[in-house]
2 protein chains.
Amino acid sequence: MQRSSFGEQSCSVARTLDVIGDRWTPLVLRDIAIGISRFDAIQRDLGLSRKVLTQRLETLVEHEVVVRVAYQDNPPRYDYRLTEKGNDLAMVLLAMQQFGDKWAFGGQAPITWKHLACDQVTAPVACCDQCGEQVRPGDAIPLRGPGFDEQASPVVGEALDQIAVAFS
Amino acid sequence: MQRSSFGEQSCSVARTLDVIGDRWTPLVLRDIAIGISRFDAIQRDLGLSRKVLTQRLETLVEHEVVVRVAYQDNPPRYDYRLTEKGNDLAMVLLAMQQFGDKWAFGGQAPITWKHLACDQVTAPVACCDQCGEQVRPGDAIPLRGPGFDEQASPVVGEALDQIAVAFS
DNA sequence: CAGCGTCAGTTTCTTTTGGGAACTCACTGG
DNA sequence: CCAGTGAGTTCCCAAAAGAAACTGACGCTG
């Protein structure tokens, strides 16, 4: 299949997909995030093939979103745990969960989160870091950022110009 | 490869992955979200095979996150646009973008968003809908929600119990 | 102390998918 | 009237995923 790597692409979404861009990786990460930390437990929970799980855990460790922590030697056995980078990535899972809760379960969420700061069940919403108000797509328009590469993304540049014109 | 469908799974993340669980769909959705709305433009921008793009657009339309809007008949030509459900799904893309901005571009984001309400470049953060404070994984613990299925997810149930004990 | 179970992987074999590139149709603009 | 555009479709081949069995080093139990 000669899977295309997005490593060179000038797009943050593409780079993130280099880490979680397949059917299993996000679920593996979800399991680790809720405390299912061992190979066999993840495999039993998800039912994916052991081969694929091995590969996925390897790339997660390579990307430093997960660390292997030995909990015994001889034979070596490991816990998989999220790193700081992994915690940031888990925000993506949280967004996926919110979407699934709303559109696949009609609000009857299988798993909820209790916010330790206020001790209440929380449904995180995206808020503007400038004004504090909630942001939803449609409330904001895309612009070229400091890392935009005009050469690499001519089609994107064109689309951004059109939007800029429409909102001027 | 006999790809497993997650349609039956009792997990919001899995259900969301039924829609965007592969390498290309999120990028297709990103293009549509920033206004690249036609088949050829998306194909040129992403460089994916036309066959795969056709399939991805079909499943996006089936899941009702995208609509085909004819902009001419004879020959029929279409714009692809996000639905309301698609806008909700785009929140996942926004989360991916934030992760990529931070960890792959060191803050030099290729694309930024201007919040129309306050007219400033915004980096949305997740806030608790109860107390308004920012939420990050680690600031919250997972619990059984109203839609949790003990039979379907015994391994998850066990992990949740362990966490509950650890935080009691 | 023999044998079964656990854990973390490998290995082999088959089925499916994705990529590439060429082909199709129905216009449209010069 | 001839090239170009837009939206697909078709074909072949290589690479991934799935299933299921195998490995190896314990540790527990009768």
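Convention: sequence-line order gives letters A, B, ...; per-chain numbering from 1.
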>> Without decimals, in angstroms, what is the distance between A:Leu48 CG and D:dA20 P?
In response: 14 Å
> Given C:dA8, D:dC12, D:dA19, which nucleotide is nearest the side-chain atoms of A:Arg50?
Replying inline: C:dA8
>> Taking B:Arg136 first and then A:Glu84, would you say they form a salt bridge - that is, a charged N and a carboxylate O separated by under 4.0 Å?
In response: yes
>> Can you tell me which nucleotide in C:dG9, D:dA17, C:dG20 comes closest to the side chain of A:Val52?
In response: D:dA17
> So what does B:Gln72 hit on the nucleic acid, given a heavy-atom distance under 4.0 Å: a base, only sugar-phosphate, or nothing?
Replying inline: nothing
>> In whole Å, I'd like the distance from the CG atom of B:Leu46 to the P atom of C:dG20.
In response: 13 Å
>> Without decimals, in angstroms, what is the distance between A:Ile42 CD1 and C:dG9 P?
In response: 10 Å
> Are any of the side-chain nitrogens in B:Arg38 or B:Asp40 under 4.0 Å away from the carboxylate oxygens of its partner?
Replying inline: no
>> Please pick, from D:dC12, C:dC13, D:dG8, the nucleotide with the shortest atom-to-atom distance to any side-chain atom of A:Lys51.
In response: C:dC13
>> Output the rounded distance in Å from CZ (B:Phe39) to P (C:dC25).
In response: 17 Å
> With respect to the side chain of B:Asp40, which nucleotide from D:dA7, D:dA17, C:dG19 is positioned closest?
Replying inline: D:dA7
> Picking from A:Leu89, A:Val65, A:Thr16, A:Asp88, what satisfies side-chain contact (heavy atoms from CB on, under 4.5 Å) with B:Trp103?
Replying inline: A:Asp88
> When the distance from CD of B:Glu58 to P of D:dT9 is rounded to whole Å, what number comes out?
Replying inline: 7 Å
> Quick one: B:Leu53 CG to D:dT9 C1', roughly how many Å, whole number?
Replying inline: 13 Å
> In terms of side-chain heavy atoms of A:Asn74, which of D:dC26, D:dA7, C:dC7 is nearest?
Replying inline: D:dC26
> Whole Å only: how far is the CG atom of A:Leu57 from the P atom of C:dC7?
Replying inline: 16 Å
>> What's the closest nucleotide to the side chain of B:Tyr71 if the choices are D:dG6, C:dC13, D:dC26?
In response: D:dG6
> Does the pair A:Asp18/B:Arg23 count as a salt bridge with the N-to-O cut at 4.0 Å?
Replying inline: yes
> Can you tell me how far the OG1 atom of A:Thr112 sits from the CD atom of A:Gln97, to the nearest 0.5 Å?
Replying inline: 8.0 Å
> Can you tell which of D:dC12, D:dA7, D:dG18 lies closest to the side chain of B:Arg38?
Replying inline: D:dA7
> Considering only side-chain heavy atoms of A:Trp24, which listed nucleotide, C:dA26, D:dG18, C:dG18, is closest?
Replying inline: D:dG18
> Which nucleotide in the set D:dA17, C:dG9, D:dT9 lies at the smallest distance from any side-chain heavy atom of B:Thr54?
Replying inline: D:dT9
> Distance check: side-chain N/O of A:Arg68 vs OP1/OP2 of C:dA8, anything under 4.0 Å?
Replying inline: no
